[in-house]
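As structure tokens, the structure follows; a few thoughts come after it.
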Number of protein chains: 2
Amino acid sequence: MGRRRPGTPTLEEVAARAGVGRGTVSRVINNATGVKESTRHAVQRAIEELGYVPNLAARSLAGRGTDAVALVLTEPDWRLFAEPFFSEIVGSLGDALADTGMQLMLTLVRSGAERQRFLEYARGGRVDGVLLMSVHAGDPLPDMLAEARLPTVMLGRRSGDESISYVDADNVGGARSAVSHLLARGRRSIATITGPLDMYAAQCRLRGYQDALGLAGLKYQQTMVAEGDFTEDSGRRAMAELLQRHPELDGVLAASDTTAAGALQTLRAAGRRVPDDVAVIGFDDFPLAQRTEPPLTTVRQPLEDIGRAMIRILLEDMEEPSVAWRHVILRTELVVRASS
Amino acid sequence: MGRRRPGTPTLEEVAARAGVGRGTVSRVINNATGVKESTRHAVQRAIEELGYVPNLAARSLAGRGTDAVALVLTEPDWRLFAEPFFSEIVGSLGDALADTGMQLMLTLVRSGAERQRFLEYARGGRVDGVLLMSVHAGDPLPDMLAEARLPTVMLGRRSGDESISYVDADNVGGARSAVSHLLARGRRSIATITGPLDMYAAQCRLRGYQDALGLAGLKYQQTMVAEGDFTEDSGRRAMAELLQRHPELDGVLAASDTTAAGALQTLRAAGRRVPDDVAVIGFDDFPLAQRTEPPLTTVRQPLEDIGRAMIRILLEDMEEPSVAWRHVILRTELVVRASS
DNA sequence: GTCCCGATCGGGAGCGCTCCCGGAAATTCG
DNA sequence: CGAATTTCCGGGAGCGCTCCCGATCGGGAC
């Protein structure tokens, strides 16, 4: 069919022009060994003159994979896509992928139809591997990909025992250390604003909060917990709610920096001083944590390392498919600033 | 080579199982006409049983295009990627593409190397068309794509006479009407916070500001202009600067809603009441404009329409490549809220 | 019963590339 | 200088699909 874009020369035409065989040109563009230097130059000149670009469809049909991986964002509410978390992780993955020659393709999956379409795309061999982020509890996509034998790595997990490779931060430990820090500074009435509780990471952070209280012999109160969704807005609302239920509270752990920023605003509006009256701790340590008023004490997630680990695992799995799942949990670290 | 994922049946195997020929199976999966209903069912059952998924590389090699378009974000500072503008436009494009069966692939181009890699990817035929956003003044990518004969549509433009298809909002008119509105309400000392001036959209909004002042017979003062970069942070800084230079100012036009939000914070911190002392107008009309304190008067950009127009133009150009560039400028609209 | 005409269907050709076998050319060695 | 290696190189086979030409099959008209 004539849909081929006009003026796109083929490898064969390059070969003809350079006066060599197809195989030689192929060897040159894949810079394989075993080509005489002079021949290589002749071919390169022909490529130059013709403006030749290899047809990637043909290349992957012939068996060489696609040199592309997909980063899938499963999130029906795509506005969350504007959260710093995503741009940070995208940047980190991009860096980690930079010197592998792989192309990172970001895809939004907002509905069942879009999931289906992506699945066809991936199973159709358009990408060699898949990175999944912001996966919610009941999401079937990871399993579908696994069943299709596509190398897949998740950022975070859906539950405690996950049958797929993932990289995650130590959310429980991070939250626990944050709350312990508050307790050590004499706070006794500590609330928490969680993330969406259908996400395991949010559950873990809540569990860390509970653990720390338990360890200190304090009782856990349901009313000290307000659910948010990682956004600033939800932080504002949840903080207002908590303040109303527990005017006496003197410490808050928010499930993300953005949520914490929202909480700070509400506290200021309510006339509470931070950290004098109420200490606030965030989670993530994004750049914004340094610019809040006051700067935010927060639990640092090593996003750079997370990105690198995801890429490493994915590449390994692409290299030689294994039946074993790999799980990597990265340590978090409390960064103390002025808000606590 | 053995890189083919194991257990991926081919069309031929489906044909064998269904007891029909290759052509028939092809007709079924492309739901073409001319297949008897009973045959179609037999084939579909075979597809089902084998878990067959067409190999997309083979399909596009055989001439059928790729059913994918790339959305390229050219932005060395990828943190800007977290601006609501991007998530809004991505959502809008995704919606516009939803019922075409096309896959949207987002790509970040942060460096020359990444641009080169993307170019190879696109010229290699991995996508049928390209959407470009946040293109800066000297960016060569659009021309390179045009030269490669790839259907391409830009969001915004690099200059007044652009040799590529684009969709843009009426930035000059929008800014002009905003300033005129301020003048009509008796403001006389009006400043502006611009976007990055290497972007044409930012220049246009500045021009609209100048135009409106000129129309009202007011003189344009360089010192009433502070350059930002569309972010909230730059809004805070620029506002502080303007306030220092011109304590008497009573109106501000910001080049984006986020910038305006930042400006509002600085004004509040400086003890200025909005709109009593200083009126503020934003640009974009993102959801956040309704949640600022006070809600923001702003110039609405019809992002939904912009996305739809971009897709329409792209699809038309993919359908039958034309030599003509299409330019679409969409009307903006002043949305008056409490900040002016 | 015969002929003709759609409606269906089978399968050859070919998309542009990589892999790899076997031959040609260049070297080295005895 | 001829034989044994190496080093290079050409081109056949094949990846899985779509397109399309021509064959086959059913009926209806005569």
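Sequence lines set the chain letters: A, B, ... in the order given, protein chains first and strands last, and positions in each chain run from 1.
Residue B:G34 is in sugar-phosphate contact alone, with no base atom involved, counting any heavy-atom pair closer than 4.0 Å across all strands shown. No contact: B:S60 has no heavy atom under 4.0 Å from any strand. Within the 4.0 angstrom heavy-atom criterion, only backbone atoms of the sugar-phosphate kind lie near A:R59; the bases stay farther away.
A salt bridge between B:R17 and B:E49 is present, with a side-chain N of the basic residue lying under 4.0 Å from a carboxylate O of the acidic one.
Rounded to whole Å, the distance from CZ on A:R22 to P on C:dC21 is 16 Å. What separates CZ of B:R126 from P of C:dC17 is a distance of 12 Å, to the nearest Å. Between A:R27 atom CZ and C:dC17 atom C1' there is a gap of 13 Å when expressed in whole angstrom units. Nucleotide D:dC17 holds its P atom 9 Å from the CD atom of B:E13, rounded to whole Å. Atom pair A:I29:CD1 and C:dC19:C1' shows a separation of 13 Å (rounding to whole Å applied). Between the CG atom of B:N30 and the P atom of D:dC20 there is a distance of 13 Å, rounded to whole Å. Rounded to whole angstrom, the span from the CG atom of B:L61 across to the C1' atom of C:dT18 amounts to 12 Å.
The aromatic rings of B:H327 and B:Y166 sit parallel to each other, their planes meeting at less than 30°, with 60° as the upper class boundary.
OP1 and OP2 of D:dC9 both lie 4.0 Å or more from every side-chain N or O belonging to A:T24. For A:S26, no side-chain nitrogen or oxygen approaches OP1 or OP2 of C:dC17 to under 4.0 Å. Using a 4.0 Å cut-off, some side-chain N or O of B:T39 falls inside it from OP1 or OP2 of C:dC9.
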